[in-house]
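What follows is a set of notes on a single structure, which appears directly below.
So you know, we letter chains A, B, ... as the sequences are listed, proteins then strands, and number each from 1. Basis for what follows: all heavy atoms, side chains included, without hydrogens, waters or symmetry-related copies.
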Amino acid sequence: MNDRIVFHIDVNSAYLSWEAAYNLQMGSNLDLREVPSIVGGDQEKRHGIVLAKSIPAKKYGIRTGETVYSALEKCPQLIVVEPHYERYMKASKAMVDFLSDYSPNIQRYSIDEVFLDYSNGNLPYMEAAQKMKEGIKKELGFTVNIGIGPNKLLAKMASDFTKPDKIHTLFYNEIAEKMWPLPVEDLFMIGHRTKKKLNSRGIFTIGELAHLDKNYVYSWLKKPGLLIWEYANGIESSDVKSDKSKVKSIGNSTTLPFDVTTKDEALKVILGISEMVGMRLRELNMRAHVISVSLKTSEFFSYSHQKKLHIPTSSTNTIYKTASTLFEEMWDYNPLRCFSISLSSLLDEDFIQLSLFEDFNEKDILLDKSIDHIRTKFGQDSVIRSSFLYSGIDPIIGGVVAEENYPMMSSYL
DNA sequence: TCTGGGGTCCTAGGACCC
DNA sequence: TCTGGGGTCCTAGGACCC
């Protein structure tokens, strides 16, 4: 096997750093990174959770994902700023552009993380990492952690060690010393549930997991068990994929500022989301075979229904009709706070046209395409359905990041 | 009291076929 | 009728990631 050198570059407190850098550029003299601050959603819209926190905020015990309300209880003088996703996309892209000078082989793993294959790099890897880190700080105004390892998993684990603005290595001969003493939940792919399971059988460190019998772990935790056992032993061999992988599903969801209690309102929300997922699907020149609707009640109970269509579609109308039927099948008249529609089993349009499918909705799709065209040219609200007028519900719902396609991210490497 | 949005992959049970 | 199994498809739900 040839030795690989993989870098994992991770923006420190990404959204918060980007807000801080933006504000400084705009002439502010307060650096959000130096005071207790968070990026958080609007509580009045019921979006009030912590998306990112500064290091001073972390010292108050504030954690990503908790409510803004409880963060403010922990630290009343906390500064809360709203997220601006377009800014983050720009910052993310600028970082990828900067890094592409160092290697052609870059995988954009999420908005704030990239893998970079430096196996064929010109510089010694430490020197290269140093240059990347300093260059990003100087040119783009934010700091990153860089993890270096023989595969993606170890590089990713390394970038998580101590923060911010640090470079760490994690090669095979360093696993026992640097990774095995860590608590199991620090291992990639071990979440809350798996931590509890492992702890209940006396496994508390990554090293303890690594030393278990592989077959025992498999019979206990099945495939995910095998995966985390391999990760605990530093075993992982996926490629740094620079070409975009195929999209597997497209979904949009919304939490409304108020509970929905009538079918009429619910169907408007479903139509609004159908418009968005349909638009995104057509933009990718794909059609979907499976449509799924999930609901969350005001009590936070979630449930979903899905349907496989006989003929894959990209028509907003078909998506809406199918989603409405699914909704009516499943709704038990409890007040609803969140709606989502997801399209999966996606196929390329070209493939469909060559196949034996005869789409009944060809006219709908042509109409959708001309509406898409007008919306692209004149703005999303240039064409809206009259039923939305004065309804208090947005005619097109979802789409955190406008314009650019969100980079692909998988929970697996 | 308050709890987002966008993804991927896996499992288990039932239907249906041979 | 006291009765198999294997394979595939479909659906609902859950685990994890950022």
Just how far, in rounded Å, is [atom2] of [N] from [atom1] of [X]?
X       : N       : atom1 : atom2 : result
I190(A) : dC16(C) : CD1   : P     : 9 Å
D42(A)  : dG5(B)  : CG    : P     : 12 Å
F301(A) : dA12(C) : CZ    : P     : 13 Å
Q306(A) : dG13(C) : CD    : P     : 10 Å
L326(A) : dG13(C) : CG    : C1'   : 16 Å
K248(A) : dC10(B) : NZ    : P     : 9 Å

Touch check for [X], heavy atoms < 4.0 angstrom, all strands: base, sugar-phosphate only, or nothing?
X       : answer
K156(A) : sugar-phosphate
E73(A)  : nothing
S70(A)  : nothing
K222(A) : sugar-phosphate
T64(A)  : nothing
S340(A) : nothing
E66(A)  : nothing

Nearest to the side chain of K308(A) - dT3(B), dT11(C), dC16(C)?
-> dT11(C)

Quick note, S304(A) side chain, CB onward, closest among dA12(C), dT1(B), dC16(C) is dA12(C)

In whole angstrom, give me the gap between the P atoms of dT3(C) and dC17(B).
-> 22 Å

For DNA chain C, which consecutive runs of 3 or more Watson-Crick or G-U pairs (each distance under 3.5 Å) count as stems?
-> B:5-18 with C:5-18

Ring stacking, F300(A) with base of dT3(B), under 5.5 Å and under 30°?
-> yes

